[in-house]
Amino acid sequence: MNGSGRHNGARRSDPVPSVTTAAAPRSDDLASRQRRYLIMMGIRVACLPLAVISQGWLRIVFILGAVVLPYIAVVIANAARQPRHSALSPVAPAPRLELPPAPVAKDRIEH
């Protein structure tokens, strides 16, 4: 106990955020962005040989895919999830039960 009569590890009366309303971890967001980037780069790599072996308008589509996809992939990979400002909702702590004050004994001398 400290000088105020409370334990040092006593609970605070501040509201505690609920874990169930917390946002997903940033590592999940990063893994998702990396996965999308790799998929788009895989499509780009597939566009390169297809542009060589195809003819006509399909060749132009594959060339455009090989040229434009890197830019789109980088923009999407760098677009991080925006944090939600009201993602956490406070949870009121359970009320603490307290004993009533002890009756003052008549035979005790108070200082």
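All residue numbers in this chain count up from 1 along the given sequence. What you see is a predicted model, and the numbers here were worked out from it, not measured in a lab.
Contact detail for Pro70 and Gly65: the closest heavy-atom pair is CD-O, 4.3 Å.
For the atom pair Gln34 CD and Ser27 OG, the distance stands at 10.5 Å (nearest 0.5 Å). Separating the CD1 atom in Ile76 from the CZ atom in Arg36 is a distance of 7.0 Å, to the nearest 0.5 Å.
Note on Tyr71 and Met41: separate hydrophobic clusters, where clusters join Ile, Leu, Val, Met, Phe, Trp and Tyr whose side-chain heavy atoms are under 4.5 Å apart, directly or indirectly. Leu48 and Leu69 are members of different hydrophobic clusters when ILVMFWY side chains are connected at heavy-atom separations under 4.5 Å.
Clustering of Ile, Leu, Val, Met, Phe, Trp and Tyr side chains at separations under 4.5 Å places Ile60 together with Leu64. Cluster partners of Val61 are Leu50, Ile53, Trp57, Leu58, Phe62, counting Ile, Leu, Val, Met, Phe, Trp and Tyr whose side-chain heavy atoms approach within less than 4.5 Å, directly or via other members.
In this structure Ile39 satisfies the side chain to side chain contact (heavy atoms under 4.5 Å, CB included) test together with Arg35, Ile43, sequence neighbours excluded. Remark: Arg33 engages Asp29 in a salt bridge (charged side-chain N to carboxylate O under 4.0 Å, His left out) (not counting sequence neighbours). Residues meeting the side chain to side chain contact (heavy atoms under 4.5 Å, CB included) test with Pro49, sequence neighbours left out: none. In terms of the side chain to side chain contact (heavy atoms under 4.5 Å, CB included) criterion, residue partners of Val68 (sequence neighbours excluded) are, by chain and number, Ile72.
Put simply, the side chain of Arg44 gets close to the backbone of Ala66: a donor and an acceptor are under 3.5 Å apart.
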